[in-house]
Amino acid sequence: QVRLVESGGGLVQPGGSLRLSCAASGSIFRIYGAGWYRQAPGKQRDLVATITSGGSTNYADSVRGRFTISRDNAENTVYLQMNSLKPEDTAVYYCKVDLPVNGVATAYWGQGTPVTVSS
């Protein structure tokens with residue numbers, strides 16, 4: 001059974017940094033595309049960053065230059081390094097990973113990890 005476990009969220013002061021991890025376990029040969037999303041209370045879930053199987057990345061305008069998405073294929077883990085955090089970054093962050101399951105590409109979501117940026 002495939003599982004995604006997120007970690008790394010918490011409370012941080014403005015200007016601080018956090019590193020989120022999303023580890024996939026189970027019958028996994030390779031993570032295909034992956035991404036990070038965030039959702040603030042009462043708001044829609046927005047795309048933060050994506051990374052392809054080849055390592056190409058894209059970022060939302062609001063985080064470009066501050067956040068970095070990366071992956072460790074050997075460990076089946078996706079990361080989101082968040083620097084220069086702002087109060088506007090406060091949200092629950094979710095990872096999404098595309099995995100082959102029974103020959104079908106399937107999207108899996110992490111449980112979400114809250115990030116609060118406040119002084």
Side-chain angles (χ1 to χ4, degrees):
Q1 184 171 332
V2 175
R3 296 179 180 179
L4 299 183
V5 179
E6 295 185 33
S7 62
L11 175 65
V12 65
Q13 294 185 352
S17 298
L18 286 173
R19 181 179 173 88
L20 306 183
S21 298
C22 178
S25 63
S27 299
I28 300 170
F29 293 98
R30 174 78 181 276
I31 294 176
Y32 294 156
W36 287 93
Y37 300 73
R38 66 186 182 186
Q39 185 170 22
K43 298 184 178 180
Q44 67 180 13
R45 185 174 298 183
D46 294 326
L47 176 68
V48 175
T50 61
I51 186 167
T52 69
S53 60
S56 298
T57 59
N58 283 287
Y59 298 92
D61 290 341
S62 58
V63 307
R64 187 176 294 109
R66 299 187 297 120
F67 291 10
T68 302
I69 187 172
S70 62
R71 61 191 296 163
D72 185 335
N73 292 330
E75 298 296 329
N76 288 321
T77 302
V78 182
Y79 302 95
L80 184 68
Q81 178 67 45
M82 304 184 294
N83 299 325
S84 302
L85 283 162
K86 305 174 180 179
E88 307 91 87
D89 297 318
T90 297
V92 177
Y93 284 70
Y94 299 88
C95 67
K96 181 185 75 69
V97 174
D98 296 328
L99 302 170
V101 179
N102 295 324
V104 179
T106 304
Y108 282 81
W109 290 85
Q111 82 281 5
T113 184
V115 172
T116 301
V117 185
S118 176
S119 58

Considering all heavy atoms, the nearest [X]-[Y] contact:
X   : Y    : result
L85 : L18  : CD1-N, 3.9 Å
S21 : T77  : CB-CG2, 4.4 Å
A40 : A91  : N-CB, 3.9 Å
S17 : S84  : OG-N, 4.3 Å
T50 : I69  : O-CG2, 3.6 Å
Y94 : G110 : CD2-O, 3.7 Å

**Asked** Same hydrophobic cluster for V97 and Y79, using side-chain heavy-atom links shorter than 4.5 Å among ILVMFWY?
**Response**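 No; tracing contacts between hydrophobic side chains, which count when under 4.5 Å, never links both residues.
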**Request:** Find out if a path of hydrophobic residues (ILVMFWY) with successive side-chain heavy-atom gaps under 4.5 Å connects V5 to V92.
**Result:**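 No, separate clusters.
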Under the 3.5 angstrom rule, does the side chain of [X] hit a backbone N or O of [Y] as a donor-acceptor pair?
X    : Y    : result
R71  : G33  : no
E6   : C22  : no
T106 : V104 : yes

**Euclidean distance, I31 CD1 relative to L4 CG, rounded to 0.5 Å** =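 Between atom CG of L4 and atom CD1 of I31 there are 7.5 Å.
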**Asked** Which pairs, with at least one residue in residues 31-60 and sequence neighbours excluded, count as a salt bridge (Lys or Arg N to Asp or Glu O under 4.0 Å)?
**Response**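 Applying salt bridge (Lys or Arg N to Asp or Glu O under 4.0 Å) to every pair that reaches into residues 31-60, excluding sequence neighbours, yields R38-D89.
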**Request:** Classify the ring geometry between W109 and Y37 as parallel (under 30°), tilted (30 to 60°) or perpendicular (over 60°).
**Result:**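 Taking Y37 first and then W109, their aromatic rings sit tilted (interplane angle of 30° to 60°).
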**Prompt:** V63 pairs by side-chain contact (heavy atoms from CB on, under 4.5 Å) with which of V48, N83, L80?
**Reply:**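 Among V48, N83, L80, the one meeting side-chain contact (heavy atoms from CB on, under 4.5 Å) with V63 is V48.
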**Asked** Heavy-atom distance under 4.5 Å between the side chains of V115 and L20, does that happen here?
**Response**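 Yes; the side chains approach each other to less than 4.5 Å.
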**Asked** Taking side chain as C-beta onward, heavy atoms only, is T90 less than 4.5 Å from T116?
**Response**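 Side-chain contact under 4.5 Å: yes.
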**Item:** Stepwise side-chain contact (heavy atoms from CB on, under 4.5 Å) check, V117 with V12
**Value:** CA-CA 5 Å; V117 185; V12 65; 3.9 Å; yes
**Item:** R64 CZ: over 12 foreign heavy atoms closer than 6.0 Å
**Value:**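 Correct, the count exceeds 12.
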